[in-house]
Amino acid sequence: MTAVRTVPTDGFATTSRERRALTVQHAARLLFLLVALLLLAPVLCILAVLVVEGAPGLSLDFFLTKPRDNGAAGGIATALVGTIWLTMGALVLALPLGVAAAIYLSEYARDNWLTRTIQVAIVNLAGVPSIVHALFGVGAFVYFLGFGKSILAASCTLAVMTLPVVIVSTREALQAVPKAFREACWNMGATRWQTIWHIVLPNSGGGILTGLILVVSRAVGETAPIMFTGAVFLRALYPSSVFDKTMALSLHLFNVSTQVTNVPRHVPFAVALTLIMVVLAMNAIAITFRMRLRGRKKW
Amino acid sequence: MAEPQAEPSADLAIEVRGLNLWYGTFQALFEVDLDIEAGNVTALIGPSGCGKSTLLRSCNRIVERLGYVSTTGTIRVLGHDIHAGTASPIQVRRHVGMVFQRPNPLPLSIRDNVLFAQRLHAAHGPSRADQDAAVEQALREVLLWDRVKDRLHHRATGLSLEEQQKLCIARLLPTKPAVLLMDEPCSALDPAATAAVEDLIWSLRGRYSILIVTHNMAQARRASDQCVFMLMGRVVEHSATEQMFVAPQRQETADYIEGRFG
Ligand SMILES: Nc1ncnc2c1ncn2[C@@H]1O[C@H](COP(=O)(O)OP(=O)(O)OP(=O)(O)O)[C@@H](O)[C@H]1O
Ligand SMILES: [Mg+2]
């Protein structure tokens, strides 16, 4: 047998066809980069406008004094406190329910029609517009369960709205725990629950925390679900129980920017800046958590 | 629960009679009869997909977890029917330990790995001293004590693969199992580690009855007393290792051992 060798006469020089392909490749790369950069523009613009217009209005006083004059003067204290109540309420309701549902789906559910129905329900729940959640909240919590227009009803509505987020992020976290650990446990005579309790949950805490933070950042920002169920434009008192109505940041922003006429220009921007800072801070924490966990492989 | 005609024998670690197993509608085991002698190392060999892992997983009832598995026939461990009405799968798994192909220590400390099963089953935790003793004894048994005694609180997942696999054997021991099932325990290890784990398995012989699946003919030959050859869900031949490798009774066995298929 003879070895077959074909060496091109001019070595490995590029052909004109290849050069054209390379030019196209560079152009394509540039085009896609530009489009990607374009996405940054709105985010940066919003932030820039808010900071420039709103920052002068921010001060400790602004956070600590109640609004006066329909929100035209004073600060945002009652709205801030109200938002905290609403968000905590949503969290307390959504987190246990969501984590429990995620545990069921990830650890117990067999692949049958019931499981598939639940999955479809979750996906659809995530896609329901918030105004529809709002109307559901009015019907279900304000009237049917008789909570009245209250923090409780609003928190319940927010919880229903954010449940899919909790379920999906928790389930992802649970599924990220290798199957081999579960097998090891089961083969040593651990029950499903012992396995979940000793091994699966402790190793998916980060994912569950991420879900928690996503709930907070969504619950803080939403307006529609709370404005018919528990939030009001103006209330001089801080809430004292979950059956009170309350002010909330998001609704306050809507109020001072569209409903009241004599508001100083910087006030709506300052409220918006506060709102977006809370949301961005929450998202930043969530992202950091995710990256930390991804970076630190424990197994 | 013993049937009148079946006389339980204490010399047999595992006694399988007429075992059929279906994954859904697919039958993976056919009329398997098998006697595993107590205190011996029995190697289970056969081509890929012939049902070795399935047979192993039947012996600690872990197949039941799949939900779509059905079986007929009986399996006795040390004379007790593991499917008897009073038998709980959890107790079965406690007395019949399983070692996997890929070492799978839990993401806990070395110490907690060894104590994991014991803690599951103890109503109240044993005293600290008892736990220390159990950890030391188990790790000594797998020849790991001297290497890890200074870092018992380190994560087990940071050990080398060989050490991990030894730890996976050690963590079965505190619940005093009668039988150790091992599903290709060396196939993820390099040759030196394989030899070390093989030596370890051989040193456990006598105190435990060991049923080990292997694709490595040399290993089966070196490190087993008895050898079982399976083909297409059936046990084809079962004899002393020496005899199986020198003078196999069946043509299929000879073909497989000499590498003509599989
Ligand atoms: N969970 C399962 N569901 C359905 N079929 C399965 C399952 N596990 C194994 N089987 C089938 O059962 C048969 C026996 O599989 P088993 O894993 O016991 O073979 P094996 O002898 O261990 O093979 P290997 O040497 O590759 O590990 C195979 O045909 C396999 O496809
Ligand atoms: Mg196998």
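Reminder, nothing fancy here: chain letters follow the sequence lines and each chain counts from 1.
Contact of B/L120 with chain A is made through backbone and side chain together, with heavy-atom distances under 4.5 Å. Contacts between B/P105 and chain A at a heavy-atom distance below 4.5 Å involve the backbone alone (N, CA, C, O). Residue B/L181: no heavy atom, backbone or side chain, is found under 4.5 Å from chain A. Contacts between B/R61 and chain A at a heavy-atom distance below 4.5 Å are absent for every atom of the residue.
Considering only residues two or more places apart in sequence or on other chains, B/E136 meets the side chain to side chain donor-acceptor pair (under 3.5 Å) condition with B/R140.
Residues of residues 201-209 of chain B placed with any heavy atom under 4.5 Å of a heavy atom in chain A are absent; none qualify.
A heavy-atom distance below 4.5 Å is not found between the side chains of A/Q194 and B/I90. Residues B/R171 and A/M188 have side chains in contact (heavy-atom distance under 4.5 Å, counting atoms from C-beta outward). A 4.5 Å side-chain heavy-atom check between B/Y68 and A/R110 finds every atom pair outside the cut-off.
When atom types are taken as modelled, the side chain of B/N104 and the backbone of A/A180 share a donor-acceptor pair closer than 3.5 angstrom.
Both cation-pi conditions hold for B/R65 and A/W186: the charged atom is under 6.0 angstrom from the six-membered ring centre and inside a 45 degree cone around its axis.
Between B/L108 atom CG and A/H198 atom NE2 the span is 9.5 Å, to the nearest 0.5 Å.
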